[in-house]
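Before any comments, here is the structure.
Protein chains get the first letters and strands the later ones, always in sequence-line order, with residue 1 at the start of each.
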Number of protein chains: 2
Amino acid sequence: MTTIARLAETAALIGDPARAAMLYALMDGRAFTAGELAQAAGITPPTASGHLAQLVTAGMLAVEPQGRHRYFRIASPEIGGIVEGLMAVTANRVDRLPNPGPRDPALRKARICYDHLAGELGVALFGSLAKAGHINVSPEGAGLTASGTRLLDRLGIEWPESRRLACRPCLDWSERRHHLAGQAGAAICSAALARGWVRRRQGTRTLDITPAGAKAFADSFGVRLG
Amino acid sequence: MTTIARLAETAALIGDPARAAMLYALMDGRAFTAGELAQAAGITPPTASGHLAQLVTAGMLAVEPQGRHRYFRIASPEIGGIVEGLMAVTANRVDRLPNPGPRDPALRKARICYDHLAGELGVALFGSLAKAGHINVSPEGAGLTASGTRLLDRLGIEWPESRRLACRPCLDWSERRHHLAGQAGAAICSAALARGWVRRRQGTRTLDITPAGAKAFADSFGVRLG
DNA sequence: TCGATGTTTCGTCCGCGCCCGAAGCATTCG
DNA sequence: CGAATGCTTCGGGCGCGGACGAAACATCGA
């Protein structure tokens, strides 16, 4: 198969409304059952099953059977990045809406992007870390600097030992600037959730920053949101 | 229109084989006429015309009438990045082919990605510049460091004065690592072409590195290719 | 002004693929 | 073991959209 045909195939896979809805639902990194995804896409289970099989075959989704359920999740951060990138490009089109990205202000403020923080919070966090020299984005996959490692150690935030791609820039859908992805980004995100710095709104990607979280982000990372 | 519908619409636009072929043909940043693109996609001019109209309406292509021809080009580097990213994700799928990306070794070695250098050459260039401290990828759009500016000045390579996004990382399709995009990347690319460091193969994205180019890249940028 | 060339519009056809309902497996629980 | 739940496979219907040819429109050259 030629490169072009494969390119088209991949794009077409995302290009179906039902499949796009499922991918969108999975963009917060959680896993959902086939039935839940069918409901999210507004289609019947048989139809959803077919779509999901296609996405799994293409390597875009990973599946994890659990009892009589099958849990689907986005297969890799790269896939998540592509979907986020497509949304950014889409939002950029000025067909009708004046301002790009999601209209929900809370969603713009803070949300989960696959497995890390996005929105104003994510972008500000990335900026603060870089400005303070805690991360050092080099071409072949960024990494924490020594001071960044110390900072996370001091905060008791741990992440897998693999040095590669500890940080990864990810184009933010609404802000159209980069935010912090990669393993460090995921670690900070899960820590923020575990410690009650942010709270996930029931069944959405939206995050609410708690008062404790605002203080923690300001004190520990120097992040200050309007 | 909902976010999901727009996401699907954008992806579906790339997801048609004929349109994907046209976008692929335009990925080297040059502009082509409607007829040329029709031929590239293997369809008749009327059909191509319809596809091109869709892409222009969606803001993915820009059109420039010139006499009785209409020249089409990719509307923005972001669009090019998405297409390149989709190819990277596509190549990542291990459905049949063992190694990702293009099979043509010359295409892997050096090629044009929208308006900048890609392939082994592009990745190596990015790495050398970063290692030498000539570029400093910070979150909100990378930039040349002072030494990077001096380097380009010394080489007589000029680029538009806009500081923002002078450099931009772009995921390399075949290497799966970043290469140098943005205005500095474009400037270096055009200088490399103008000075005969690389030569474009007739009608393709493939670049051949000339002996003079190999020397120039090694001496000026510290780039050394196997 | 008139033909040649490039592009678009129109009308039509046709096939791919999405969708659903019904039935068939698989798994869990009473 | 049988009933309930979740998912998948199968078969058939249907609509969207891509394909082309013919013709209209635009631009250039003679």
- Message: Nearest heavy atom decides the nucleotide; on that basis, is B:Thr33 or A:Ala18 closer to the 5' end of DNA chain C?
- Response: B:Thr33
- Note on the structure: When rounded to whole Å, the NE2 to P distance for the pair B:His51 and C:dT9 reads 14 Å
- Message: Whether the side chain of B:Arg19 engages the backbone of B:His51 through a donor-acceptor N/O pair (distance < 3.5 Å, no angle test) should be reported.
- Response: no
- Using a 4.0 Å heavy-atom cut-off across all strands, classify A:Gln54 as base, sugar-phosphate, or nothing. sugar-phosphate
- Are OP1 or OP2 of C:dC20 and a side-chain N or O of A:Thr47 less than 4.0 angstrom apart? yes
- Rounded to the nearest Å, what distance is computed from the CG atom of residue A:Leu52 to the P atom of nucleotide C:dC18? 13 Å
- Item | Under 3.5 Å: donor-acceptor pair, side chain of B:Thr57, backbone of B:Ala53 | yes
- Message: Could you work out, with ring pair (Phe, Tyr, Trp, His ring centres under 6.0 Å) as the rule, every residue matching B:Phe217, not counting sequence neighbours?
- Response: B:Trp197
- Message: When you measure from the side chain of A:Thr210 to the backbone of A:Gly196, do you find a donor-acceptor pair of N or O atoms at a distance under 3.5 Å?
- Response: yes
- Task: For DNA chain C, find the residues of residues 37-46 of chain A with a heavy-atom distance under 4.0 Å and give them by number; none if there aren't any.
- Result: A:Ile43, A:Thr44, A:Pro46
- Just jot down the side-chain contact (heavy atoms from CB on, under 4.5 Å) partners of B:Arg68, sequence neighbours excluded, or say none. none
Report all interatomic pairs (protein N or O, nucleotide N or O of nucleotides 24-26 of chain C) with separations under 3.5 Å.
none

- Message: Any side-chain to backbone donor/acceptor pair from A:Gln39 onto A:Glu36? Under 3.5 Å, distance only.
- Response: no
- Note on the structure: The answer to which of B:Pro17 and A:Ala34 contacts DNA chain D further toward the 5' end, by nearest nucleotide, is A:Ala34
- B:Ser49 side-chain N/O to B:Pro45 backbone N/O, donor-acceptor pair under 3.5 Å: no
- Between which nucleotides of DNA chain D, read 5' to 3', does contact with chain A run, using atoms under 4.0 Å from its heavy atoms? D:dA4 to D:dT9
- Note on the structure: Of all heavy-atom pairs linking A:Leu13 and A:Ala58, the shortest is CD2-CB, 3.1 Å
- Might you point out which heavy atoms bring A:Arg195 and A:Leu155 nearest each other, and give the distance in Å? NH1-O, 2.7 Å
- Would you say B:Ser49 reaches C:dT8's phosphate, i.e. side-chain N/O to OP1/OP2 under 4.0 Å? yes
- Check salt bridge (charged side-chain N to carboxylate O under 4.0 Å, His left out) between A:Arg73 and all other residues, then give those that pass, not counting sequence neighbours. A:Glu64
- Message: Whole angstroms only, please: what is the CZ-P distance between A:Arg70 and C:dT27?
- Response: 11 Å
- Can you see which heavy atom on B:Arg70 is nearest to which on B:Val63, and at what distance? NH2-CG2, 3.5 Å
